[in-house]
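Since we're looking at a predicted model, the values are computed, not measured. Sequence lines set the chain letters: A, B, ... in the order given, protein chains first and strands last, and positions in each chain run from 1. Reckoned from all heavy atoms, side chains included, excluding hydrogens, waters and symmetry mates.
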2 protein chains.
Amino acid sequence: MSETKNHPYHHGDLRRALIGTALDMLATDQNWTFTLREVARRTGVSHAAPYKHFRDREMLLRELARIGFVRLGESMTEAMSLGLPSTRARFTAAAQACVGFACQNPGLYRLMFSSDADKTIDPQLHDAAMDTFGILLRLLRDGQQDGSFRPVAVSALAAASWAQVHGLAMLAISNQLLEEKVGSAPVPASLDVLLDGMCRSD
Amino acid sequence: MSETKNHPYHHGDLRRALIGTALDMLATDQNWTFTLREVARRTGVSHAAPYKHFRDREMLLRELARIGFVRLGESMTEAMSLGLPSTRARFTAAAQACVGFACQNPGLYRLMFSSDADKTIDPQLHDAAMDTFGILLRLLRDGQQDGSFRPVAVSALAAASWAQVHGLAMLAISNQLLEEKVGSAPVPASLDVLLDGMCRSD
DNA sequence: TCCTCCATGTTTACAGGAGAAACTTATGCG
DNA sequence: CGCATAAGTTTCTCCTGTAAACATGGAGGA
């Protein structure tokens, strides 16, 4: 009865399998308190096997975060490429995609911006985060060039909108955007307030 | 040489002492990975003593977060009560106080908004957070009454500014407001963008 | 005054986790 | 064919969280 599981000694693609298991647990529990041993167990390997692919538990977490940034970028890019009429509409679409991503992947989103995913010690993670930030930056520049956004320093627009969107996402997944506090559609409402400040008033 | 430490069997105020030690470690390490045993050790008591005051480790963390919200509220209130001329100026002062608090207490600020400080299972923590949010809300209402802020739904203003300030704080303590990306004074710059959208344009 | 209760400590015990080290297996390459 | 090596496993040590049983000493009643 010991050989029903025909697992070959070598898994074949354990690294990817571990990441998949960990992403599943992150999505299920909405936190990353899982132990590395549990990940190994669910993947069907010994508790020491993961160390052949990740130096330590945090290295796995950083890889999850990196994947999160890639996926977030894809979501935003997709939302923007729907043939929307105005730059303002594309901005709103991207922002809502970001908040939507956070709401659908709260654990992952939190991890991406937590201190457990330290970007200062992981160039790949840092680059992935910067690439996603770059999507926003390009949108803002385009908007300034086509006259949609005010010609103030793009850095001010970037800081304001990055903070705004990230703040909305964090508050949304913390259930702090309850209707009785901030109305029924706080995300578009507050984006409109911001855009009123960002857009040319002519 | 064993009785130099004249510690009486009963500490006297262990609860407060543990909180103090934990706050110190949080400030030093800028994270809350410290173990409960380490907190006990540094406070000079046995590793089980903390359990007489906190059901588990997370209960201590929630108490730290609660204290954080109280202190943040104090900072904001203090910043607003400096006889500033306009509501807009008071808003900016409060927002900068919030970001400043986050920068000076990055670990604590992160903890306050992390899932390890679960507000849904701790009424005291929830209330403390709501009290601090209330400061912002009152400021916005006052500003609408005196005509500083546009008479749109206060919930939209609240969501926008809460998100903005929180987002700025989170980005600031994550070192994601680097000068080459968002200019030299991103906080006032982005607050101005937001305020341009919030304030009456007459 | 003395005794007893109870909140607040301590000691002991145990189940798990992180990670290192040493061992095993299979696989690709000369 | 034979072996170096990547990728697994086993075993080990140290640490943690937390429960349970025990100790202490101060406060309040007889």
Scan the side chains in residues 156-172 of chain A for donor-acceptor partners under 3.5 Å anywhere in the protein, sequence neighbours excluded, and list what turns up.
from     : atom 1 : to       : atom 2 : distance (Å)
A/Ser161 : OG     : A/Leu157 : O      : 2.6
A/Gln164 : NE2    : A/Ser190 : O      : 3.3
A/His166 : ND1    : A/Tyr109 : OH     : 2.8

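When the C1' atom of C/dT8 is taken as reference, atom CG of B/Leu18 falls 12 Å away, rounded to whole Å. In this structure, CG of A/Asp13 is placed 17 Å from P of D/dA6, rounded to the nearest angstrom.
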Criterion side-chain contact (heavy atoms from CB on, under 4.5 Å) on A/Leu136 and A/Phe91, from CA distance to verdict = CA-CA 8 Å; A/Leu136 170 68; A/Phe91 178 92; 3.9 Å; yes
Hey, mind stepping through A/Arg62 and A/Asp116 against salt bridge (Lys or Arg N to Asp or Glu O under 4.0 Å) and telling me if it holds?
-> CA-CA 7 Å; A/Arg62 285 195 299 270; A/Asp116 288 334; over 6 Å; no
Heavy-atom contacts, protein to nucleotides 16-21 of chain D, under 4.0 Å, summarised as B (base), S (sugar-phosphate only) or - (none) per nt, yield SBB---
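Here the shortest heavy-atom pairing between B/Arg57 and B/Trp32 reads NH2-O, 2.5 Å.
Near DNA chain C, meaning a heavy atom under 4.0 Å away, there are no residues from residues 115-122 of chain A.
Under a 4.0 Å N-O distance rule, the pair B/Arg71/B/Glu74 does not qualify as a salt bridge. Note on B/Arg66 versus B/Asp131: no salt bridge recorded, every NZ/NE/NH1/NH2 to OD/OE distance being 4.0 Å or above.
Residues A/Ser115 and B/Gln30 form no side-chain contact, since every pair of their non-hydrogen atoms from C-beta on lies 4.5 Å or further apart. With a 4.5 Å cut-off on side-chain heavy atoms, A/Phe69 and A/Leu108 do not count as touching.
An OP1 or OP2 oxygen of D/dG8 is reached within less than 4.0 angstrom by a side-chain nitrogen or oxygen of A/His53.
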